[in-house]
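Down below is the structure, laid out as structure tokens.
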Amino acid sequence: MIGKLNHVAIVVPDLAAASKVYRDTLGGDVSEPHTLPEHGVTTVFVNLPNTKIELLHPYGDGSPIAKFLENNPSGGMHHVCYEVDDILAARDKLKSEGARVLGDGNPKIGAHGKPVLFLHPKDFCGTLVELEQV
């Protein structure tokens, strides 16, 4: 059901500093910041030959990653994102197998302008999983 790894997301306490590390130290192709108020984050993507790294920083008072950063002040790996051909079919199959979809269970538009869903980390080896429709 899952396709290729779309990205690995890392929460960072300072988006500009993290972007500088990935751009200047590691030589990565780093995007401009993009704020997603509906998700409570500002993102930067580091484009790699085979996938992307998403740098995440909290945006707004209700940011879902603010608590993550409180518990991990230096930041850290937050989630992995896999591509799926049909997000609704994937959601329905996963739910039928007992997986928990976070939120109201309906896809939202993610940072790439495509539908996304998040799956409970307790159902996936302690890892928060994002699905993105290709």
State, yes or no, whether a side-chain contact exists between [X] and [Y] at a heavy-atom distance under 4.5 Å.
X	Y	answer
Val116	Pro107	no
Val12	Leu56	no
Glu130	His7	yes
Leu55	Val46	yes
Thr127	Pro121	no
Tyr59	Leu36	no
Leu119	Leu94	yes
Asn106	Arg91	yes

From [X] [atom1] over to [Y] [atom2], what is the distance, rounded to the nearest 0.5 angstrom?
X	Y	atom1	atom2	value
Leu48	Leu5	CG	CG	10.0 Å
Glu132	Asn6	CD	CG	4.5 Å
Leu102	His120	CG	NE2	6.0 Å
Cys81	Ile2	SG	CD1	10.5 Å
Glu32	Thr42	CD	OG1	12.5 Å

Do other residues, nucleotides or ligands put more than 12 heavy atoms under 6.0 Å from the [atom1] atom of [X]?
X	atom1	value
Asp24	CG	yes
Asn47	CG	yes
Tyr82	OH	no

Report task. For Val44 and Glu54, run side chain to side chain contact (heavy atoms under 4.5 Å, CB included): C-alpha distance rounded to whole Å, both residues' side-chain angles, the deciding distance at 0.1 Å, then the answer. Result -> CA-CA 6 Å; Val44 165; Glu54 179 182 31; over 6 Å; no
Requested in this report: Mind listing the closest non-hydrogen atom pair of His78 and Phe68 along with its distance?
Outcome: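 Heavy atoms only, the tightest pair is CD2-CD1, 3.8 Å.
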Requested in this report: Would you confirm whether the ring centroid of His112 sits within less than 6.0 angstrom of the ring centroid of Phe45?
Outcome: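 So the answer is yes for these two rings.
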